[in-house]
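These numbers come from a predicted model, not from an experiment.
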Amino acid sequence: MSQLPQYEEPKASKLPLTTLVSRVVTLAALVVSVVILKTNNIKSDGYRTFTYKDIYSYKYIMFAMVIGFAYTLSQIPFAVYYLMTGKRLINHYKLLQYDFYGDKVLSYLLATAVGAAFGVTADLKKNERREKFNDYYQIVYISAGFLLIGFLSSVVSSSASSFAISKRG
């Protein structure tokens, strides 16, 4: 059985700190965005409550945020260990590939969710005649703003994993 090449981290690298900070910011932004979107609701006709579940695009946004939360949460222990020791917990090229592709998929997933959040909210708000729904959409914009922050910080961690994989030994 052949040995796969091991990864050697360059000395005095800021990569571990960058990786951890970007993952923590992503996680925090996604948590805030999920909480805002999940708790945002309004009584539409006096008897029915309007929530994110009533709009397919908002369901997709919630799905993307939950997937992003789970992936990012699973990566944080590895990032903490990497920062504390300067070495990877599992020092193998396959884990770098997993980080690389996982970060890319997450970034694209969050990018599409950000586009959907701002796009569908703008369309719905433009066509809404009832004033109380405008408040609902304003709160969705706040959630989308935190989602945008999560996306941008996931791009930073994606860039860090790209750098790490390009420096393999």
Side-chain angles (χ1 to χ4, degrees), residues 15-44 48-83 88-90 94-128 130 132-166:
L15 195 60
L17 181 61
T18 303
T19 301
L20 180 61
V21 169
S22 64
R23 293 197 190 282
V24 168
V25 170
T26 300
L27 187 70
L30 291 177
V31 166
V32 171
S33 188
V34 165
V35 168
I36 290 171
L37 189 60
K38 183 92 172 133
T39 59
N40 188 20
N41 59 56
I42 192 166
K43 295 273 187 197
S44 62
R48 188 172 177 284
T49 301
F50 184 77
T51 68
Y52 78 92
K53 295 176 185 176
D54 295 313
I55 307 286
Y56 286 117
S57 294
Y58 291 164
K59 286 183 193 179
Y60 171 75
I61 293 162
M62 183 63 79
F63 167 79
M65 290 188 298
V66 169
I67 296 297
F69 173 82
Y71 174 77
T72 304
L73 185 63
S74 73
Q75 291 294 312
I76 286 180
F78 294 105
V80 169
Y81 183 85
Y82 184 32
L83 178 65
R88 301 217 177 247
L89 183 61
I90 302 171
K94 291 290 184 188
L95 183 63
L96 286 177
Q97 286 181 317
Y98 173 77
D99 288 347
F100 176 78
Y101 291 115
D103 287 345
K104 299 300 178 250
V105 168
L106 177 65
S107 293
Y108 294 140
L109 184 67
L110 294 180
T112 59
V114 167
F118 283 108
V120 76
T121 304
D123 287 344
L124 290 170
K125 189 173 180 182
K126 180 174 61 176
N127 295 323
E128 185 57 55
R130 293 171 285 188
K132 64 182 175 179
F133 275 86
N134 285 330
D135 294 339
Y136 178 85
Y137 297 130
Q138 291 292 28
I139 293 172
V140 173
Y141 275 134
I142 294 169
S143 176
F146 280 102
L147 177 57
L148 178 62
I149 292 168
F151 160 68
L152 293 174
S153 60
S154 77
V155 168
V156 172
S157 66
S158 179
S159 299
S161 66
S162 296
F163 180 75
I165 205 165
S166 72

> Any idea which heavy atoms bring Ile61 and Ala113 closest together, and the distance?
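For Ile61 versus Ala113, the nearest heavy atoms are CG1-O, 3.6 Å.
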> What's the spacing between Leu15 CG and Leu20 CG if we round to 0.5 Å?
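It comes to 11.5 Å.
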> Looking at side-chain heavy atoms only, is the closest gap between Tyr60 and Thr112 below 4.5 Å?
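With C-beta onward as the side chain, the pair touches.
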> Would you be so kind as to tabulate the donor-acceptor pairs closer than 3.5 Å made by side chains of residues 64-75, with sequence neighbours excluded?
residue : atom : partner : partner atom : Å
Tyr71   : OH   : Asp103  : N            : 3.4
Tyr71   : OH   : Asp103  : OD1          : 2.9
Thr72   : OG1  : Gly68   : O            : 2.8
Ser74   : OG   : Tyr71   : O            : 2.7

> What do you reckon, is CZ of Phe146 surrounded by more than 12 foreign heavy atoms closer than 6.0 Å?
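Open: at most 12 neighbouring heavy atoms sit under 6.0 Å from CZ of Phe146.
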> What pairs of residues pass the side-chain hydrogen bond (donor to acceptor under 3.5 Å, both in side chains) test when at least one of them lies in residues 135-150, not counting sequence neighbours?
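Residue pairs passing side-chain hydrogen bond (donor to acceptor under 3.5 Å, both in side chains), neighbours aside: Ser33-Ser143.
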> Taking atom CG of Leu109 and atom CZ of Phe63, what is their separation to the nearest 0.5 Å?
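With rounding to 0.5 Å, CG (Leu109) is 6.5 Å from CZ (Phe63).
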> Rounded to the nearest 0.5 Å, how far does CD1 of Ile76 lie from OG1 of Thr26?
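If I round to the nearest 0.5 Å, the distance is 8.5 Å.
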> Roughly how far, to the nearest 0.5 Å, is CZ of Arg48 from CD1 of Ile42?
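Answer rounded to 0.5 Å: 12.0 Å.
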> Roughly how far apart are Leu106 CG and Arg23 CZ, rounded to 0.5 Å?
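Between atom CG of Leu106 and atom CZ of Arg23 there are 8.5 Å.
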> Please tabulate, one pair per line, all N/O donor-acceptor pairs under 3.5 Å involving side-chain atoms of residues 115-123, not counting sequence neighbours.
residue : atom : partner : partner atom : Å
Thr121  : OG1  : Tyr58   : OH           : 2.7
Thr121  : OG1  : Ala117  : O            : 2.6

> In Å and rounded to the nearest 0.5 Å, what is the NZ to OG1 distance from Lys59 to Thr51?
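The NZ atom of Lys59 sits 8.5 Å away from the OG1 atom of Thr51.
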> Work out which heavy atom in Asp54 is nearest to a heavy atom in Thr49; give both atom names and the distance.
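Heavy atoms of Asp54 and Thr49 come nearest at OD2-O, 3.7 Å.
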> Should Val155 and Leu110 be marked as a side chain to side chain contact (heavy atoms under 4.5 Å, CB included) after you check the CA-CA gap, both sets of side-chain angles, and the distance that decides it?
CA-CA 10 Å; Val155 168; Leu110 294 180; over 6 Å; no
> Out of Ser157, Ser159, Ser154, which one pairs with Ser107 under the side chain to side chain contact (heavy atoms under 4.5 Å, CB included) rule?
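One option only clears the test, and that one is Ser154.
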